[in-house]
Amino acid sequence: MAQQVEQLRADGVYKEVLREGTGPLPDFRDGTKATFHYRTLRCGDEEAPLDDSRARGKPMELIAGKKFKLPVWEAALRTMRPGERARFRCDAKVGRGRAGVGRGFATPGGVVYVFGRRGLRPGGRGVWVPGAWRAGSRGGACAVPTRGAAPHRGARPAASRFPPVRSRPITAISTPQHVVLYPLVSKSLRNIAAGKDPLEGQRHCCSIAQLHDHYSLGYPDLDELQKNPQPLIFDIEVLKVEAPGSYQQDPWAMTDEEKLQAVPLIHKEGNELYRQGKVQEAAAKYYDAIACLKNLQMKEQPGSPDWIELDQKITPLLLNYCQCKLQCEEYYEVLDHCSSILNKYEDNVKAYFKRGKAHAAVWNVAEAQADFAKVLALDPSLRPVVSKELRSLEARLREKDAEDKIRFKGIFSQ
């Protein structure tokens, strides 16, 4: 473990044990599952919190070897025992270039890349990242994640942007990758906790390109952190560590083939739970199946045959999910999902019917009547069901009018 802790320190991560764990240190071979609570804090006197899994009521799960977007968490967990709680402070790294070569920066792995008369060494060309330069910035920096990485399309030689300087040692400061990528990871985790699509807003490009695409993540604190990266503290408490094969694999940890094979089984489990009246549990199953297919769909070109085939598999699952949300009285989520379906499939009767029920529940009377009318136009055989819903809506309206008259009468009689 000492070697692992030293490697963390070399990468600008400093561990402070708050409570010792029990038992031997897990070997964390690929497939090992760690369940833990985390709290993310800004470095500073106040240590302002950004995220807290305890506040969300559900711990984080990470499987080793699955290339999680925040590698520092996996590296930190490899140094911890079950029951242990520790803080990991992620600082900016400082590296020194050789005399007479120019400006540069140090990567989290400890490699110093230098800009100067001979361009960028050792990686040659790189990717322009606006605003990422932290030492004598002139508007941009050239970021190369690993040695030998292929240059990004349109990349320019670093020397064309950074002219040579006098022959003297230089100091370059860079923010470690785990700090730079945190806003995107946090957004996905927040979306999952809120029942949203964890891939919402993502597109076909690398994480660094997304970070500097100058769009809002939907959370002001993450927007600020994305704009101005700063050192962070990860407060981690390990709840349990499970060896490969000793637990049921979650959909997000599956391979593409495993996801495709699992979707029908998860769909069937959701249907069975719904028949048993376990609506919340059924919704969770449908959500897992949708997440599997969405993950696969992200890898396809929108509108391509494969993308459309996956979308047609997502639609019935999403309608089942909406049915659960109707029973849980989460009407606005139903409105959003059904509208997204109807934007693509204008003849989907079930989407119109469920959206009509959701509109009626939130007193959008005209919209509900329009959706129910569309249901009848597409499928006249559903007239008895639609008539029942319209009668229920009219009865609720009469009750509401009567209540309003009594309430307003008391106000005006004073």
Side-chain angles (χ1 to χ4, degrees), residues 1-40 51 53 58-90 107-111 145-149 176-179 181-182 184-186 188-189 192 198 206-207 232-263 265-266 288 291-292 295-296 299:
M1 182 179 70
Q3 183 178 358
Q4 294 167 327
V5 172
E6 283 302 315
Q7 181 59 51
L8 282 175
R9 290 177 64 87
D11 290 342
V13 182
Y14 301 88
K15 179 179 179 180
E16 176 190 359
V17 177
L18 303 180
R19 186 181 65 233
E20 295 286 349
T22 58
L25 184 70
D27 61 4
F28 264 98
R29 63 185 184 276
D30 286 355
T32 300
K33 178 179 177 180
T35 304
F36 60 97
H37 275 301
Y38 71 93
R39 191 164 181 249
T40 305
D51 294 295
S53 62
K58 185 177 181 180
M60 176 71 183
E61 296 176 348
L62 188 150
I63 296 180
K66 290 294 183 178
K67 297 182 180 179
F68 183 60
K69 288 284 188 180
L70 207 60
V72 68
W73 277 7
E74 182 173 334
L77 289 167
R78 289 180 183 276
T79 71
M80 301 181 72
R81 295 180 172 85
E84 181 178 340
R85 181 180 176 187
R87 286 160 60 103
F88 297 85
R89 189 181 81 249
C90 303
T107 69
V111 180
T146 58
R147 287 178 180 265
Q177 184 185 42
H178 37 260
V179 173
L181 296 181
Y182 184 77
L184 278 178
V185 175
S186 177
S188 295
L189 295 177
I192 291 171
C206 67
S207 297
L232 297 175
I233 296 173
F234 299 120
D235 186 329
I236 296 176
E237 179 185 8
V238 178
L239 303 179
K240 61 179 178 179
V241 178
E242 299 169 273
S246 65
Y247 60 89
Q248 184 176 0
Q249 196 172 29
D250 292 325
W252 62 264
M254 299 176 182
T255 64
D256 289 354
E257 291 183 1
E258 290 171 340
K259 288 185 176 75
L260 279 175
Q261 295 172 0
V263 166
L265 299 176
I266 300 173
D288 285 344
C292 285
N295 184 274
L296 295 173
K299 302 175 183 179

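Heavy atoms only: backbone and side chains are in, while hydrogens, waters and symmetry mates are out. Note that the structure is a prediction, hence the values are computed from the model and not measured.
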Inset, instruction - Not counting sequence neighbours, which residues clear salt bridge (Lys or Arg N to Asp or Glu O under 4.0 Å) with Glu237? List them please. - result: Arg19, Arg54
Legend entry - Residues forming a salt bridge (Lys or Arg N to Asp or Glu O under 4.0 Å) with Asp27, sequence neighbours excluded: Arg29
Inset, instruction - Search all heavy atoms of Pro244 against all heavy atoms of Gly31 and return the closest pair with its distance. - result: CG-C, 3.5 Å
Inset, instruction - Output all residues satisfying side chain to side chain contact (heavy atoms under 4.5 Å, CB included) with Glu258, sequence neighbours left out; order by chain, then residue number. - result: Gln249, Met254, Thr255
Inset, instruction - Kindly say whether the aromatic ring centers of Phe234 and Tyr182 come within a distance under 6.0 Å. - result: yes
Inset, instruction - Could you tell me the separation between the CG atom of Leu77 and the OG1 atom of Thr32, rounded to the nearest 0.5 Å? - result: 11.0 Å
Legend entry - Test item: Leu184 and Lys69 side chains (from C-beta on) under 4.5 Å apart, heavy atoms: no
Legend entry - side chain to side chain contact (heavy atoms under 4.5 Å, CB included) partners of Glu242, counting only residues at least two apart: Lys33, Thr35, Lys240, Ser246, Tyr247
Inset, instruction - Enter the distance from Leu239:CG to His37:NE2 here, rounded to the nearest 0.5 Å. - result: 5.0 Å
Inset, instruction - Provide the closest heavy-atom pair for Phe36 versus Val238 in the form atom of the first, atom of the second, distance. - result: CB-CA, 3.9 Å
Legend entry - With sequence neighbours excluded, residues passing salt bridge (Lys or Arg N to Asp or Glu O under 4.0 Å) with Asp51: Arg56, Arg190
Legend entry - Side-chain touch Ile192/Lys58, heavy atoms, less than 4.5 angstrom: no
Inset, instruction - Of all the heavy-atom pairs spanning Ile236 and Met80, show the shortest one and how long it is. - result: O-CE, 3.4 Å
Inset, instruction - Give a yes or no answer on whether the side chain of Lys15 reaches the backbone of Thr79 with a donor-acceptor pair at less than 3.5 Å. - result: yes
Legend entry - Donor-acceptor pair, side chain of Arg87 and main chain of Ile233, under 3.5 angstrom: no
Legend entry - Partners passing salt bridge (Lys or Arg N to Asp or Glu O under 4.0 Å) against Arg81 (at least two apart in sequence or in another chain): none
Legend entry - Shortest non-hydrogen separation from Ala76 to Leu8 and the atoms involved: CA-CD1, 4.2 Å
Legend entry - Donor-acceptor under 3.5 Å (Glu74 side chain, Gly65 main chain): yes
Legend entry - From Cys292 atom SG to Asp256 atom CG, the distance as rounded to the nearest 0.5 Å: 10.0 Å
Legend entry - Any donor-acceptor N/O pair, Ser53 side chain to Tyr38 backbone, under 3.5 Å: yes
Inset, instruction - Rounded to the nearest 0.5 Å, what's the gap from NZ on Lys259 to CG on Asp288? Could you check? - result: 11.5 Å
